[in-house]
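Notes for the one structure printed next.
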Amino acid sequence: MPEGPSIYILKEELQPFVKKTITSASGYADLDFKKLKGQKILSIESWGKHLLIVFKKAYVRIHLLMFGTYRINERKEANPKLTLKIGKDELNFYTCSVKYFEEDPTNVYDFDADVMSTTWSPRKALKKLRSQPQLNVCDALLDQQIFSGVGNIIKNEVLFRIRVHPKNTIGNLPDPTIKNLVKEAANYTWDFYEWKKINQLKKHWLIHTKKICPRCHIPAFKEYIGKTKRRTFYCDNCQIIFKPKKGSGSAVVKKNN
DNA sequence: ATACATGTTGGAGC
DNA sequence: GGCTCCAACATGTA
């Protein structure tokens, strides 16, 4: 389910619980539930794919990983990893990672790296990218320290949108293209968010899971690319492989097929 | 029905 | 010590 926008939506759905106090906590998470009981929720935030329930001197971090789900005032036919009772309300989180930290999240997270944050910094992302010219573009987009919140679907769609072939390294991209990559990583993430809210995400996919390129109508490629080896859909015709820049020291990229 | 997928981590091995 | 690789986790769907 969850890339950044889905967690952002979850955060929004949970805002009514801010300033409320946790009546009880339970579940099969490896957690000291006593520490949650009686805590007042000061804020509910997100950083990329992390949901943060913030207390006075602590926070709970929930990561839905690949299969995580949740219910608000509803239950699934499954054991919840975490149940929070808040007065007569109930939050249930399933198959996710839940951890309790006795720290201030502002000391832990760099919100400038979150593509959906009000403090998202394209400039810092650009700087991080330029410092790693050997980095494959797929790996770059999935790097949560550079593009927190971007997941595999967003990766595929962004590269298709900006017509960049997934086998490029960052160092091979012309400067305007790197800037466009940063810009579209955030832009597409917000589009994803709008479509997700109205349950119309899949119908807007251009290349992800597609067998045919919607632009030139030739067969699309599916391949596992980069050190992350994630499923990558692309059009070998529309998406350009750039020539290595002189003196960049980056590896030569062969055009496949 | 077996395999695979919107993700991350911790530990093994080098 | 540090880097890389892979198993592990867990569920819904084709």
Side-chain angles (χ1 to χ4, degrees), chain A residues 1-11 13 27-31 46-52 59-71 74-83 92-101 105 108-110 113-116 131-132 134-161 166 184-211 220-234 251:
Chain A
M1 297 283 284
E3 296 192 21
S6 303
I7 305 307
Y8 196 95
I9 291 166
L10 168 57
K11 169 183 76 173
E13 290 175 345
Y28 72 91
D30 183 17
L31 223 64
S46 61
W47 180 83
K49 302 164 191 167
H50 297 213
L51 178 79
L52 310 173
Y59 67 95
V60 170
R61 184 195 73 191
I62 297 174
H63 199 305
L64 299 185
L65 300 168
M66 198 84 107
F67 313 125
T69 52
Y70 63 91
R71 292 290 185 275
E74 278 178 36
R75 290 177 189 182
K76 283 179 69 173
E77 296 274 319
N79 251 356
K81 184 97 180 212
L82 175 67
T83 297
N92 288 304
F93 299 93
Y94 305 88
T95 51
C96 52
S97 154
V98 180
K99 230 177 147 180
Y100 181 82
F101 297 91
V108 177
Y109 291 100
D110 176 11
D114 180 345
V115 294
M116 302 188 80
S131 73
Q132 302 178 72
Q134 76 301 333
L135 188 62
N136 166 271
V137 285
C138 292
D139 294 336
L141 278 164
L142 292 173
D143 186 331
Q144 300 300 294
Q145 300 308 314
I146 306 176
F147 297 109
S148 173
V150 169
N152 202 42
I153 298 173
I154 297 176
K155 174 200 82 181
N156 283 327
E157 293 293 315
V158 166
L159 290 177
F160 183 75
R161 252 193 190 181
E184 280 305 322
N187 273 355
Y188 183 82
T189 299
W190 282 108
D191 288 344
F192 183 124
Y193 164 77
E194 294 297 341
W195 294 326
K196 180 83 187 174
K197 271 204 295 193
I198 56 173
N199 235 319
Q200 289 188 2
L201 182 60
K202 283 188 190 179
K203 84 175 202 191
H204 288 277
W205 288 347
L206 296 178
I207 197 70
H208 189 73
T209 72
K210 302 298 177 186
K211 291 196 158 57
F221 282 70
K222 176 180 121 174
E223 214 173 327
Y224 294 79
I225 291 175
K227 72 175 191 307
T228 42
K229 290 190 175 67
R230 299 295 300 280
R231 197 162 68 134
T232 305
F233 295 89
Y234 66 97

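Here is how names work: the chains are called A, B, and so on, in the same order as the sequence lines, proteins then strands, and each is numbered from 1. Just so you know, these numbers come straight off a predicted model, no measurement behind them.
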Nearest listed nucleotide, side chain of [X], among [options]:
{"X": "A/Tyr224", "options": "C/dT11, B/dG7, B/dC4", "result": "B/dC4"}
{"X": "A/Phe67", "options": "B/dT6, B/dG7, C/dT11", "result": "C/dT11"}
{"X": "A/Arg61", "options": "B/dG7, B/dT9, B/dA5", "result": "B/dT9"}

Has [X] got a side-chain N or O lying under 4.0 Å from the OP1 or OP2 atom of [N]?
{"X": "A/His63", "N": "B/dG7", "result": "no"}
{"X": "A/Lys227", "N": "C/dC5", "result": "no"}
{"X": "A/Arg230", "N": "B/dA5", "result": "no"}
{"X": "A/Lys76", "N": "C/dG12", "result": "yes"}

Note to self: Before you tell me yes or no, could you show the steps for A/Tyr8 and A/Trp190 under ring-ring contact (aromatic ring centres under 6.0 Å, His included), namely the whole-Å CA-CA distance, both residues' side-chain angles and the distance that decides it to 0.1 Å?
What the structure shows: CA-CA 10 Å; A/Tyr8 196 95; A/Trp190 282 108; 5.3 Å; yes
Checklist line | Side-chain donor-acceptor pair present, A/Thr232, A/Lys155, cut-off under 3.5 Å | finding: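 Yes, because at least one side-chain N or O of A/Thr232 sits under 3.5 Å from a partner of the opposite role on A/Lys155.
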Could you check how far [atom1] of [X] sits from [atom2] of [N], rounded to whole Å?
{"X": "A/Leu201", "N": "B/dT6", "atom1": "CG", "atom2": "C1'", "result": "9 Å"}
{"X": "A/Asn79", "N": "C/dC9", "atom1": "CG", "atom2": "C1'", "result": "15 Å"}
{"X": "A/Asn156", "N": "B/dA5", "atom1": "CG", "atom2": "P", "result": "11 Å"}
{"X": "A/Gln132", "N": "C/dC3", "atom1": "CD", "atom2": "P", "result": "12 Å"}
{"X": "A/Ile9", "N": "B/dT6", "atom1": "CD1", "atom2": "P", "result": "18 Å"}
{"X": "A/Asp30", "N": "C/dA10", "atom1": "CG", "atom2": "P", "result": "13 Å"}
{"X": "A/Ile62", "N": "B/dG7", "atom1": "CD1", "atom2": "P", "result": "18 Å"}

Checklist line | Under 3.5 Å donor-acceptor, A/Asn156 side chain and A/Arg231 backbone | finding: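 Checking the backbone N and O of A/Arg231 against the side chain of A/Asn156, a donor-acceptor pair under 3.5 Å is found.
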Check: What is the base-pairing partner of B/dT8, counting Watson-Crick and G-U wobble geometry with both distances under 3.5 Å?
Finding: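 WC or wobble partner is C/dA8.
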Notebook entry, point to check: Relative to A/Tyr193, does A/Lys196 satisfy both conditions: NZ or CZ under 6.0 angstrom from the six-membered ring centre, and within 45 degrees of the ring's axis?
Noted result: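 Pair A/Lys196/A/Tyr193 does not count as cation-pi.
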Note to self: Quick check: on DNA chain C, is the nucleotide nearest A/Thr95 upstream (toward 5') of the one nearest A/Lys229, or the reverse? Name the residue that is more 5'.
What the structure shows: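 By nearest-heavy-atom nucleotide position, the 5'-most residue is A/Lys229.
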Margin query: Atom NZ of residue position A/Lys202 - does it have more than 12 heavy atoms of other residues, nucleotides or ligands inside 6.0 Å?
Written below: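 No - once you tally the heavy atoms of other residues, nucleotides and ligands closer than 6.0 Å, there are 12 at most.
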Margin query: Once you apply a heavy-atom cut-off of 4.0 Å, does A/Lys202 come out as touching a base, just sugar-phosphate, or nothing?
Written below: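 Touches nothing.
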